[in-house]
Amino acid sequence: MSIWPEEHVATAHHGEGFDTVDMTINVGPQHPATHGVFRMVLTVDGEMVVDCEPYIGYLHRGLEKLSEANDYRQAMGYWDRTDYLAGLVCEQAYCMAVEKMGNIEVPERAEYIRVIMSELSRINSHFMFLGAFGADVGSFGTSFIYAWRERERIYDLLEEVAGDRMFPTYVRPGGVAMDLPENFEARCRWVLSSVYQGLEDLDGLLTGNEIFVERCSGLSPVSPETAIKWGLTGPMIRATGLPWDIRKAEPYSIYDRIKFEIPTGKQGDVLDRFIVRLAEMYQSAKIIEQCLDQIPGGLVLNPKLPRNLRIDNGECYVRVEGTKGEYGVYGLARGGNKAYRMKLRSPSFCNLSALREMVVGNYVADAIIILGSLDIVLGEVDK
Amino acid sequence: MTDTPTPAASNTAPAVPPYIPDFGAESDRLRPVERPVTHAAYRIVLPGVIQTGADTVIAMSRKSSLWPMTFGLACCAIEMIGTFMSNHDLDRFGIVPWPSPRQSDVMIVSGTVTKKMAPAIKLLYEQMPNPKYVISMGACATNGGPYTEYDRVLQGVDKIIPVDVYVPGCPPRPEALLDGLLALQRKIMEEKKMIG
Amino acid sequence: MTNENPAPAEAAAPAFPGIAAAIHAALPGVPMTARETSTDVDIRVAPGDLPAVVEALKDREELAFDYLRNMVGLDMQEAGLEVKYHFYSFKHGHSLQVTVPTPPGNPHVPSLTPYYPAANWHEREAAEMVGLVFDGHPNLKNLLLEEDLRIHPLLKAHPLQAIEIVQGIEEGKPGFEF
């Protein structure tokens, strides 16, 4: 209810000639560096963070309640706005859940198209991370502008294929809405060549910058056991050294036919997370190129789907390698054309629950960088 | 034609008819637009010196340097950031994103407003100095958007703060937000008589 | 596409499919039933047995479920509230779903925060969304809702908000039911 922080017991430090009191700083819901409406209350002793309490829920929009009130195809409009940087990944996850519950088959061409769109969205989301993280560390607008050049090109390609830039509701239960345009392969290869160029530019701007590397290396290292304990997934756990990627560990769609590597870090610190995400973008581009080579012809939507999709009995927990980690959709269907319960297992929510562990003991400026390296998106966190 | 003119009966005009162009109804199609008689906004007195009213100068300077407070709540924030970036550049209009409410002119509310966030929005609006404007970007800020039925969502930011321009869309394209900002500039110019 | 129940075809469906057989062997005294969902194996245990089951899942070598990936709070209306947990083992690569039904009127479930710190925020969210109470949780405050609200939005009885339309509603709500 109130936006003011609650009573925090201020601890006073006596001795050594200094009597100090811990200060409470509210990194409020509106802040240029909090990646959305996220609030954390830092208790600082000088410049060192002693305690950190995150407050979320400022974007709690009722994804799960509204999925129960709308039927399966209507609810997809809510699910792709959860991870709003990569809408098509969320659409794929949700449609896979509906298909598992309803035993709906997907034609092969549609699977390839879904994978191409997902990987383009993943590249899109990671570009946003590179831009925003550079801004957090200190390059106020430069990294943003470099990143957005490529994002606009990918958005243009998505608009040509799917109809809209961010939330096209292109992926449908049973396939995709419409086929690719004729010049898609040429356009896609051109966009990928431009993506490689953009990655080179951003790499040179950030990783080649000594201040950036100095600030980020060694900051908040995480061991694999801590990551598993706290439920961290995605680039967070790959940076600790554990090569776990759902596309390889529990393969879905056609990922078992595609060769790609899993980049890992060494000690799970902020620089490792950055490098892992940067390397993943090259892998995503490789996946898209292989899909363009392997894609077959055929239908793109299951022709036997009824106009009114009813599922009598179904329960599933579908997990997908989302851009931030394990994006899970739990669905329970008990008759009718609306789901009984759909739950989002959001990677940013779980990554953020470990924030206190990672931030305590660092400086305030480093707390901002650590938050940026988690790469949270508040639509997912607050559902 | 080179014959010697024969006398008598054939002393009339030559066989080729004169060319008279016929434009038909073109004069109806290409009627010039009626331009209303307006007073000039400024008058050139000397080379490099113009004379105009103070209200025009004030309104022009307000509209040409709108500094929005970066208030991205949700998905519309991504399109708002995209409008600030070099592809749909807003800097050429003098619109520079500014994080602090104390020094910004316009608040672009982009994204869903929840009831938990509403007191913070009200506080931020009150922290902005006058003259201040509000653009409600996207369907969620206009009336709750797709999430309007959930009871933790505020059905439109105009329930708590006054809004000047509504930009529809989910999310609106960068060009649409640009249109909204230009509409705000026209509104500021229209309001110049009320500057007091 | 309707999903027919495959019950008549599988006359010899095992009582404990997949990983559930190993769990039942590890915990003979705990009454549990098992079934298969579309993606996992699901075992059903009572709330009182949950700590024993979770200790076995975590400590036993052949099970080694070290990762709590998801937790769902459900409102099953007359049947009470339910909690579903999803576990995964990095060592063996198998996954499991555990369903814990609570009787109506007594939504108490022991908390899993001593075993899996990842459960902390999941339990706070489930508590405020459907009204479950997790005994032993260190900090069961509201997470997504405001601090002082005592509503449970995901209960089926909790209503949606009315859409406020100010123009063109003379003929009734727009759209059609199909």
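Residue numbers start from 1 in every chain, and the chains themselves are labelled A, B, ... in the order their sequence lines are given, proteins ahead of strands. Every heavy atom of this structure was used, including side-chain atoms; hydrogens, water molecules and symmetry mates were not.
- Interface remark: C:Met129 contributes side-chain atoms only to the contact with chain A (heavy atom separation under 4.5 Å).
- Each of A:Leu309, A:Asn70, A:Asp71 was evaluated against A:Asn337; a single residue qualifies, A:Asp71, per the side chain to side chain contact (heavy atoms under 4.5 Å, CB included) test.
- With a threshold of 4.5 angstrom between heavy atoms, A:Glu68 approaches chain C through side-chain atoms but not through N, CA, C or O.
- In this structure, no portion of A:Glu357 lies under 4.5 Å from any heavy atom of chain C.
- Along residues 321-333 of chain A, the residues that come nearer than 4.5 angstrom to chain C, judged on non-hydrogen atoms, are A:Glu326, A:Tyr330, A:Leu332 in order of number.
- Side-chain polar atoms of C:Ser95 and A:Arg319 form a donor-acceptor pair below 3.5 angstrom.
- Under the rule for a ring pair (Phe, Tyr, Trp, His ring centres under 6.0 Å), the partners of A:Tyr252 that lie at least two apart in sequence or sit in another chain are A:Tyr255.
- Aromatic rings of C:Phe134 and C:His108 (six-membered ring for Trp) have centroids beyond the 6.0 Å cut-off, not under it.
- Side-chain atoms of A:Tyr58 and C:Glu146 include no donor-acceptor pair closer than 3.5 Å.
- The aromatic ring centroids of C:Tyr88 and C:Phe65 lie 6.0 Å or more from each other.
- A:Thr233 touches chain C through its side chain: at least one heavy atom from C-beta onward sits under 4.5 Å away, while N, CA, C and O do not.
- Proximity to chain A (any heavy atom under 4.5 Å) is restricted, for C:Pro153, to the backbone atoms N, CA, C and O.
- Ring pair C:Tyr116/C:Phe87: centre-to-centre distance below 6.0 Å.
- Proximity to chain C is limited to the side chain of A:Lys343, based on heavy atoms less than 4.5 angstrom apart.
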